[in-house]
Amino acid sequence: MWLSLTLGLLVLYTVDYSRKLYKNIRIAQRSKLPYFVVPFSMGIIPAILFQTRWFPYIVDNVLPAWLGDNLKDVIPNSRWVLKDRQVKRYGAVYLVVTPGVVLCNVSDAGVVAQITHTRGGWPKPVWQYQPVELYGPNVVTADEHHWARHRRRTAIIFNEKNDELVWKESIRLANSMIEEWQSVNVTRDLVVETTRDDIPKLTLNIFSAAGFGVRIPFKIVADDSETDGPYGIFQDTRTPPQGFDFTFRAVANYMSCNISTVILANFMMPKWVPRGLLPFLKQDFAAHRDLRSYIERLLSIAETEDSLANSNLIQGMLRDRATSAEGSFTDQEIISNGHIFIVAGHETTATTIRYALLLLALNPDAQEWVYQGIKEATKDEPADIDAWDQASVYPKLITPLCAMLETMRLFPPVVTVPKWTGNAARNIHYQGRDVFIEQGINLNLNLNGLHYLEEYWGLDVKEFSPQRWDVRNEKSYLARNADLPGVNAPGLEYPTIHKPVRGAYIPFSDGVRACLGKKFAQIEVVIALTVILRKYRIELAQKGAEGRKRAERALGDSVTVVALAMSHDVPLVFRERHACQ
Ligand code: HEM
């Protein structure tokens, strides 16, 4: 009986599998776009297989290249390594058919521009983001008119006052990070074995200050240091304050870096399962509770303060509530948006700085160009960087901005921007014809393709060349776009910067759902690079061909964890400038 039952189930499964696969192949055929079939759907098992050592080894060394690439294409974590290879095989718009879904992969700038800029834009598949709704709906997870309300209420808090705060806090904390490095180095040259911990700490502390109004020093303070006053419990001590399992910085870090287990514990685990039976998720429950308690504490402090005097993001939401007649946020919505800002902004910015430092170390000529640009731009500014005025100095820091843009071109923290057709079929215009994309189809706007195509960037597309962005560089391949109508992209509205073809560069996405924190991130990265490069020349700690090979391997093996990340550490030396010149 068991045998017939098993055989029966197997037959049912096979019939259902074949039916779904056939249905999806027919969808692909009707579109007349190139397509390939992968016999499994993306999901947790393929993602786990790619995390093992042996599976990627088999994919890279045993399978034919095309098959290995097709498999990597369905796993978003490993998609970046493909760069433009799939575009060369299948074209800039092609379909991936699996038994579960049909995916439309897009690396054509014109099609991206249509998707992000048709009236209202194509919808974002918000259900994919529901797991990050750990404290309720927020600007990342909401849709339609709910999203419009969240967006309106959050967009106003990313304002000029907040820009100034980001600038000031980035300078303070980048300097404190350097002081910390100096304190553990006996020579004037600073050897930093890994930036894996310090750079995320830098961006998290900047976010704590400019996002939450909590000014944490870079160095951990003694447990018995001053903990009085309303902000006492936010001190970055070794042990958490009474009633908490984490310090404020530790919980913000935990919630950002362990997002998958936090989601597993607090979103996927049924409420009726006794927490005592899940000791391995204890930290995840505690982190979720502690972050809420900290933000609640911030809200109650803020209500007793003159919130108009403060320009951090939490105060911004409170100020909006105090001054708006209707539609402003509840406490719960402030908590949820506060949390999502950390998730969206922390790792993405940290990874950009880490890649930028390594790319500058690997490309001394480009680094020198960035440094000379900083020197020239700030030659009339006070020697004390704390006295620099954000509104007038930031626009002059063209070369570090070019370095940031170029870093995000080669190593975009978010490799794929997802969209979908929604509940109605839609058309795209591609290669001179209208292509019909059926309802419910998911689209991936693939930065690995867009950012690596010679057509948009020139023959030196694979090189790290911050100079390509500088509008003074008339030989840049991008100079040809100056007269194109409608060329623009979020974060590129500077007259000092060459513009890529619209849709070809989307590290912050584009259109109505483009990144809210792009200016926040740009100011942070530009001034952090400036603080470092003014004082230090960055070099690889391991010299010669071996050191270079190691660094290039670390870059080449990048995979998406929370954001795109290097899989190995590369030690760097920060050589003091006047000592080495
Ligand atoms: C280099 C750093 C950053 C990168 C590369 C980046 C990239 C992106 C991308 C690609 C999206 C679109 C995601 C999608 O539609 O699926 C996005 C959205 C968003 N980002 Fe960023 N981001 C960065 C920094 C920040 C920062 C610092 C903040 C906040 C402080 C932030 C807040 C947001 C928010 C709230 C959204 C959702 C906007 C909406 O759906 O209306 N981001 N970001």
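Counting convention: from 1, in listed order, for ligands and their atoms alike.
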Quiz item: Who's the nearest protein heavy-atom neighbour of atom 39 (C) of ligand 1, and how far?
Solution: Arg151 NH1, 3.4 Å

Quiz item: Centre of Trp80's six-membered ring, under 6.0 Å away, within 45 degrees of the axis: is that where NZ or CZ of Lys83 sits?
Solution: yes

Practice problem: Check the side chains of Arg354 and Thr195 for a donor-acceptor pair under 3.5 angstrom, ignoring hydrogens and angles. | Solution: yes

Quiz item: Residues two or more places apart in sequence or in another chain: which of them pass side chain to side chain contact (heavy atoms under 4.5 Å, CB included) with Ala209?
Solution: Glu169, Arg172, Arg215

Quiz item: Can you list the ligand 1 atoms lying under 4.0 Å from a non-hydrogen atom of Phe158?
Solution: 29 (C), 30 (C)

Quiz prompt | Heavy-atom nearest neighbour of atom 7 (C) of ligand 1 within options Gly338, Gly511, Pro507 | solution = Pro507

Quiz item: Hey, is Lys168 close enough to Asp386 for a salt bridge, meaning N to O under 4.0 Å?
Solution: no

Quiz item: Does the pair Asp143/Lys124 count as a salt bridge with the N-to-O cut at 4.0 Å?
Solution: no

Quiz item: Nearest protein heavy atom to atom 37 (C) of ligand 1, by residue and atom, and its distance?
Solution: Val140 CG2, 3.5 Å

Quiz item: Going by atom types only, do Ser107 and Asn446 share a side-chain donor-acceptor pair under 3.5 Å?
Solution: no

Practice problem: Run the numbers for me: atoms of ligand 1, each under 4.0 Å from some heavy atom of Phe207, listed by number. | Solution: 30 (C)

Quiz prompt | Arg426 to Trp122 six-membered ring, cation-pi geometry met (6.0 Å, 45°) | solution = yes

Quiz item: Does Thr330 offer a backbone N or O that forms a donor-acceptor pair with the side chain of Glu333 under 3.5 Å?
Solution: yes

Quiz item: Should Glu144 and Arg149 count as an ion pair when the cut-off is N to O under 4.0 Å?
Solution: no

Quiz item: Backbone N or O of Asp470 within a donor-acceptor pair of the His498 side chain at under 3.5 Å?
Solution: yes

Practice problem: Please could you name the atoms of ligand 1 that Phe520 approaches to less than 4.0 Å, counting only its heavy atoms? | Solution: 27 (C)

Practice problem: Heavy-atom distances under 4.0 Å are what count here, so tell me which part of Thr352 touches ligand 1: side chain, backbone, both or neither. | Solution: side chain

Exercise. Apply side-chain hydrogen bond (donor to acceptor under 3.5 Å, both in side chains) to the pair Asn138 and Asn337, showing each step before the final yes or no.
Key: CA-CA 5 Å; Asn138 54 61; Asn337 280 297; 5.5 Å; no

Practice problem: Would you mind counting protein N, O or S atoms that sit less than 2.8 Å from atom 21 (Fe) of ligand 1? | Solution: 1

Quiz prompt | Main-chain N/O of Gln332 paired to Ser336 side chain as donor or acceptor, under 3.5 Å | solution = no

Quiz prompt | Residue and atom name of the nearest protein heavy atom (relative to atom 35 (C) of ligand 1), distance in Å to one decimal | solution = Val139 CG1, 3.6 Å

Self-check item: Top protein contact for atom 13 (C) of ligand 1, by heavy-atom distance
Solution: Tyr129 OH, 4.2 Å

Quiz item: Should Lys124 be counted as touching ligand 1, given the test is an N or O pair under 3.5 Å?
Solution: yes

Quiz item: Do ligand 1 and Thr349 have nitrogen or oxygen atoms that lie under 3.5 Å from each other?
Solution: no

Quiz item: Which of the atoms in ligand 1, numbered in the order shown and given with their element, are less than 4.0 Å from a heavy-atom of Pro418?
Solution: 16 (O)

Quiz item: Any sub-3.5 Å donor-acceptor pair from Thr351's side-chain atoms to Leu564's backbone N or O?
Solution: yes

Practice problem: Mark up the atoms of ligand 1 that fall under 4.0 Å of a heavy atom belonging to Trp147, in ascending order. | Solution: 39 (C), 40 (O), 41 (O)

Quiz prompt | Any N/O pair Arg513/ligand 1 closer than 3.5 Å | solution = yes

Exercise. Could you tell me whether Ala563 approaches ligand 1 through its side chain, its backbone, both or neither, with non-hydrogen atoms closer than 4.0 Å?
Key: neither

